[in-house]
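Some notes on the structure that comes next.
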Amino acid sequence: MTTPWPPRRSAHRSLAPRVAAPREPVDPARIGRRVVRRRAKGMDAGAVAAALEDARFHARQDSRREDLADDVRGPAELAEWERIAQLLADAAPGTVYDPDVDDVVRTELTAEAAAAAVREAELREAARIAARADELQALRELGTLEQTEPRTGDEAARDNLTRRVGGYVQADVDAWLAHALAAHLGHYRDPAAREAAAGLLTPPVLAHAALLAELARLVPGVDVDQLAFAARLATTEPEAVGALAVFLARVRP
């Protein structure tokens with residue numbers, strides 16, 4: 001069974017700019033702590049105590065400035081001087097500060113490395129989705145989308161295409177996915193993928209797929225031209241179409 005396809009537009013649709021890749025957020029407090037650690041490296045307890053007093057003086061001065069009311073870097077620097085001072089106070093006499101052996105610093109670096117790995121994975125995934133969206137767009141313009149089997153992640157590519165045109169419903173892509181879901185094509189051969197689709201596709205697409213599946217079961221080999229109404233109904237009344245599909249599931253062919 002294949003799904004009826006809406007008429008293709010003859011005009012070429014240019015690709016919109018892709019969604020910006022995720023970037024590492026700026027953290028003024030973290031910057032402040034790093035500055036303190038660089039300054040404190042090699043200092044003994046006396047030098048750190050002097051630096052702490054200087055930081056406290058500047059904190060009192062800054063507290064009188066309205067433009068620094070929301071500042072987070074200054075308090076973070078003061079707190080870091082206080083932490084390092086306590087660290088050296090608890091250490092053996094003559095110990096100097098070394099961030100390389102500071103357990104707090106090492107824990108932070110581990111967490112930052114893990115967060116960077118997550119951002120890098122997100123970047124790669126965003127690039128993969130954008131590339132697949134480009135491919136689907138090209139297939140649309142060539143008129144061969146309906147001959148293509150979907151693969152894992154195409155739901156995200158569909159969302160990417162939708163964002164590119166400001167939320168406009170991608171009727172041909174939606175019909176393509178609905179047909180593939182109903183006929184168990186591409187990655188939808190896997191029951192887990194079909195189950196996951198419930199949280200990845202819009203209600204109209206899901207309702208369209210459900211109705212197509214039941215109509216194909218009741219009328220094997222039905223001509224696609226006879227099912228043109230399914231997409232229109234699902235777009236306007238997805239809840240009613242879903243209910244109809246459930247009802248038809250009770251009807252024996």
Between [X] and [Y], is there shared hydrophobic-cluster membership here, with clusters defined by ILVMFWY side-chain heavy atoms closer than 4.5 Å?
X: L200; Y: L177; result: no
X: V205; Y: I129; result: no
X: L123; Y: V118; result: no
X: V96; Y: V101; result: no

Whether the side chain of [X] engages the backbone of [Y] through a donor-acceptor N/O pair (distance < 3.5 Å, no angle test) should be reported.
X: W176; Y: A171; value: no
X: T107; Y: D103; value: yes
X: E237; Y: T235; value: no
X: R194; Y: R189; value: yes
X: D154; Y: A157; value: no

Write down the atom of [X], the atom of [Y], and the distance for their closest heavy-atom approach.
X: A133; Y: L161; answer: O-CD2, 3.6 Å
X: A178; Y: A209; answer: O-CB, 3.4 Å
X: A182; Y: L212; answer: CB-CB, 3.8 Å
X: V26; Y: I31; answer: CG1-CD1, 4.3 Å
X: R64; Y: R60; answer: NH1-O, 3.4 Å

What residues, two or more places apart in sequence or in another chain, satisfy side chain to side chain donor-acceptor pair (under 3.5 Å) together with [X]?
X: E135; value: R132, R151
X: E77; value: R73
X: R33; value: none

| message | Test of understanding: with side-chain contact (heavy atoms from CB on, under 4.5 Å), list the residues that count as partners of R232, not counting sequence neighbours. | response | A228, F229
| task | Check the pair R250, E214 against side-chain contact (heavy atoms from CB on, under 4.5 Å), reporting the backbone distance first and the verdict last. | result | CA-CA 10 Å; R250 299 163 56 189; E214 293 307 320; over 6 Å; no
| field | Working for side-chain contact (heavy atoms from CB on, under 4.5 Å), residues L215 and L248 | value | CA-CA 8 Å; L215 292 174; L248 292 178; 4.1 Å; yes
Any luck finding a side-chain donor-acceptor pair between [X] and [Y] under 3.5 Å?
X: E53; Y: H58; result: no
X: Q137; Y: R164; result: no
X: Q86; Y: R83; result: no

| message | Please determine whether side-chain contact (heavy atoms from CB on, under 4.5 Å) holds for the pair H208 and V241, giving the CA-CA distance in whole Å, both sets of side-chain angles, and the decisive distance to 0.1 Å. | response | CA-CA 7 Å; H208 186 190; V241 169; over 6 Å; no
| task | Could you list the residues that satisfy salt bridge (Lys or Arg N to Asp or Glu O under 4.0 Å) with R39, not counting sequence neighbours? | result | none
| task | Look up atom CZ in R158 and atom CG in L136, then write down how far apart they are to the nearest 0.5 Å. | result | 12.0 Å
| said: Whether E125 and R119 form a salt bridge (side-chain N of Lys/Arg under 4.0 Å from carboxylate O of Asp/Glu) is what I want to check. | reply: no
| message | Taking the basic N atoms (NZ, or NE/NH1/NH2) and the acidic carboxylate oxygens, is any pair closer than 4.0 Å for E108 and R37? | response | yes
| field | Other cluster members, L88 - Ile/Leu/Val/Met/Phe/Trp/Tyr, side-chain contacts below 4.5 Å | value | V36, M43, V48, L52, L78, W81, I84, L87, Y97, V105, L109
